[in-house]
2 protein chains.
Amino acid sequence: MTGFERAGRLRFGVNYTPSRHWFHSWYDMDLDAARRDLDQIAALGADHIRAFCLWPVFQPNAAFVNPRAVDDLRALVDAAAAAGLDVTVDAIQGHLSSFDFLPSWVVTWHEANLFTDPRVRAAQAHYLRTLGAALADRPNVVGYQLGNELDNLVARNPATAGQVDAYLDDLLAAASEALPDRLVTHSAYDAAFYTDGHPFTPQQCARKGGMTTVHPWVFSADCARRYGPLSVAATHLAGYLIELAKAYATDPARRVWVQEAGAPQPHVPAGDAAAFTEATLRNVATCTDVPAVTWWCSHDVDPALADFPELEYTLGLIDLAGRTKPAGRAVAGLIREYAADPPVPVRRDTALVFDGGDLDSRSASAPGGSFFDAWMAHAAAGERLVVVLARDTGDTDLLAARGITTLARP
Amino acid sequence: MTGFERAGRLRFGVNYTPSRHWFHSWYDMDLDAARRDLDQIAALGADHIRAFCLWPVFQPNAAFVNPRAVDDLRALVDAAAAAGLDVTVDAIQGHLSSFDFLPSWVVTWHEANLFTDPRVRAAQAHYLRTLGAALADRPNVVGYQLGNELDNLVARNPATAGQVDAYLDDLLAAASEALPDRLVTHSAYDAAFYTDGHPFTPQQCARKGGMTTVHPWVFSADCARRYGPLSVAATHLAGYLIELAKAYATDPARRVWVQEAGAPQPHVPAGDAAAFTEATLRNVATCTDVPAVTWWCSHDVDPALADFPELEYTLGLIDLAGRTKPAGRAVAGLIREYAADPPVPVRRDTALVFDGGDLDSRSASAPGGSFFDAWMAHAAAGERLVVVLARDTGDTDLLAARGITTLARP
């Protein structure tokens with residue numbers, strides 16, 4: 001398994017949101033500012049960051065990958081190395097914090113479907129190969145992802161699940177070709193797990209790419225407001241989504257990377273952020289097959305920048321003055337604790353059976369859904385269950401490989 | 001009249017299309033490459049360029065004008081000065097050669113109408129004020145334009161003519177506020193003159209901003225194909241549009257800047273480009289009240305770049321190796337000739353009456369329309385007429401001020 005995983009260790013990282021100019025820093029890279037950010041991130045004890053490219057800056061023309069942007073990324077990767085940080089790179093942004101960054105060659109007069117248009121897909125593959133090749137000599141680049149939550153782009157680029165399958169296969173192959181020895185992944189926001197009819201599917205998440213990635217956000221399906229910010233449901237959401245994702249895997253040892261989780265206000269009030277963060281992370285640490293958690297995010301968004309959803313401004317573990325916030329101290333404290341006394345994942349032998357998971361039967365597993373509530377009722381009673389799909393309950397090999405001996409019904 | 005106009009002189013300039021990376025050079029400014037381009041442009045004898053910003057690079061967030069991009073623009077302006085060139089700056093691109101460059105804060109999840117949304121309009125005004133202020137100390141910045149052919153954006157940002165009026169008034173005021181002593185203009189592609197119902201109007205062109213700008217392209221309404229690339233209609237198109245634009249002015253001495261004209265293949269075959277260019281410019285030089293012609297464009301587009309309309313690749317007066325092409329030699333030859341022997345505009349006293357020009361009665365004046373054909377029939381007979389709107393034929397003061405003594409009917 002790729003260089004991302006560390007045997008016997010749960011890795012902690014942060015999604016890197018530059019304190020100076022947010023991701024607009026790609027238009028105006030200031031390496032000294034980046035180094036300060038990275039030192040602050042390293043001081044939390046984090047061992048990796050996710051770095052997000054802005055697609056139009058990196059590939060302003062379908063046939064042109066911008067060499068300065070590539071150089072800036074390599075310099076950022078090197079600055080991270082100097083701070084002792086590994087990096088996973090997301091190429092196609094694509095979507096970040098409500099904003100879509102789309103190059104001019106896929107919009108308006110050149111509008112074309114990102115997922116199904118063969119020329120646009122070939123151009124994305126070209127970008128992934130070019131960028132990947134430029135990262136190949138950087139040993140601290142441990143992961144390469146197509147892009148952040150590509151399913152946010154599907155509203156304006158309609159595709160069937162089969163078309164998304166083909167898209168992901170195509171682009172994952174291109175990314176792997178450039179970086180064959182690194183972790184290559186894709187990601188989706190949790191509609192892939194929760195929303196009936198959504199063309200990004202749990203099967204894609206759990207079976208394509210070198211690892212499953214999950215983004216358990218407590219604003220999804222209004223989880224934190226529905227159950228409370230420090231409720232069992234909110235603080236076990238990440239752990240739950242890990243188990244749900246594993247149910248869709250065909251590989252019984254499939255790894256699940258908690259790639260984005262955070263404490264968004266007002267869903268989680270500022271005063272509860274530290275407690276929410278610590279409880280979430282402690283629950284994640286009990287799960288097997290989880291190599292890493294990457295918290296969203298490193299730095300607050302400058303309030304001088306306009307038009308972000310309110311919750312985005314205050315998601316940082318570090319404020320704009322470089323001070324660690326309470327949730328950041330909670331993360332740092334846990335990292336220290338786990339470094340001294342590594343958490344031991346708990347092998348669980350009882351699986352809750354989910355009778356769903358096809359294209360049109362996912363919503364019962366979303367916050368507020370019957371399956372979700374059943375799982376959380378067990379969690380509230382101190383019983384942490386794994387999940388198995390109803391259709392797999394006769395697959396004794398799979399159950400045995402996963403260590404499942406008991407099936408519970410919701 | 002602003003520093004753009006030179007008494008008794010027809011200025012020649014080019015629309016600057018960087019040879020290296022086209023306008024993607026804003027992502028990766030190479031001043032040495034720009035200096036080579038500018039020296040080649042100056043060697044033609046041109047005295048000015050139009051410089052085009054990429055809006056998302058300059059204003060990636062509604063509240064953030066990117067200081068590096070501004071610095072790059074100032075450096076480009078200074079490089080132009082070193083080459084002996086004045087500069088007019090277009091801010092909101094917006095639209096260039098079929099591509100729309102739109103910042104993430106006006107598209108998809110943040111979609112908002114560029115012309116009518118008050119917040120988006122205020123943000124554009126902020127950009128124009130900020131950029132203008134940064135140019136104020138550069139004496140060779142002689143013009144400032146809202147953006148190139150903003151009406152190309154109207155298809156996806158519907159607005160009424162009244163709303164466009166308000167938009168232009170608002171943004172022209174913002175631009176003028178920053179650069180009160182310079183020429184401040186707006187521009188539209190020629191649908192404003194030719195297309196019934198189009199919300200950008202000839203009245204706006206002829207009455208708002210410090211000068212009228214016209215973009216007589218022979219591909220519009222298939223002019224060159226309909227009449228022939230070296231026909232009277234094609235080679236007099238720019239002269240015709242000048243006269244048509246003057247008919248809409250309320251100021252009888254309103255200046256008209258031929259801001260874009262070019263010899264697009266295959267509408268004008270490569271072998272005819274020099275003859276077409278020279279004939280067009282000689283006809284323009286006979287018109288009164290024309291301070292400048294700015295040819296499209298300086299440099300060919302690198303064929304390695306994808307997705308441009310075919311005609312865009314070969315529009316340069318200079319090829320990618322820095323060699324002046326036949327049309328470039330025609331321009332350079334005329335500039336030399338006119339420097340030694342300045343052309344004398346011909347005062348014409350006969351006006352062809354256009355019974356149209358309201359929102360829904362413009363198409364007769366387009367290539368292929370009855371008024372257009374009538375004007376060109378006179379031109380073919382050696383009679384170059386000015387144009388007056390039917391509604392103005394009773395305005396004896398206006399006719400007198402324009403020197404019109406005879407009215408001809410189509």
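So that the names make sense, note that chain A is the first sequence line, chain B the second, and so on, each numbered from 1.
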Open item on the list: I'd like to know if the side chain of A:D100 and the backbone of B:T108 have a donor-acceptor N/O pair within less than 3.5 Å.
Closed with: no

TODO: Without swapping roles, check the side chain of B:D307 against the backbone of A:W105 for a donor-acceptor pair under 3.5 Å.
DONE: no

Task: Top contributor to chain B contacts, counting heavy-atom pairs under 4.5 Å, from A:A62, A:P56, A:S98 - done: A:S98

Task: Selection from A:A63, A:A123, A:A306 maximising heavy-atom pairs under 4.5 Å formed with chain B - done: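 Option with the greatest count: A:A306.
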
Open item on the list: Nearest 0.5 angstrom please: A:H24 NE2 to B:Q59 CD, how far?
Closed with: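 Answer for the NE2-CD pair, A:H24 versus B:Q59, is 10.0 Å.
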
Using heavy-atom distances under 4.5 Å, tell me whether [X] contacts chain A through its side chain, its backbone, both, or neither.
| X | value |
| --- | --- |
| B:P103 | neither |
| B:N152 | both |
| B:A155 | side chain |
| B:A69 | neither |
| B:L102 | side chain |

Between [Y] and [X], is there a side-chain heavy-atom distance shorter than 4.5 Å?
| X | Y | answer |
| --- | --- | --- |
| A:V107 | B:F99 | no |
| B:F308 | A:N61 | yes |
| B:P67 | A:H21 | yes |
| B:W26 | A:Y27 | no |

- [ ] Report the relative orientation of the aromatic rings in A:W109 and B:H95; use parallel for angles under 30°, tilted for 30 to 60°, perpendicular for over 60°.
- [x] perpendicular

Task: Nearest non-hydrogen partners of A:R68 and B:R68, listed with the distance - done: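 Nearest pair, atom of A:R68 first, then B:R68: NH1-NH1, 3.1 Å.
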
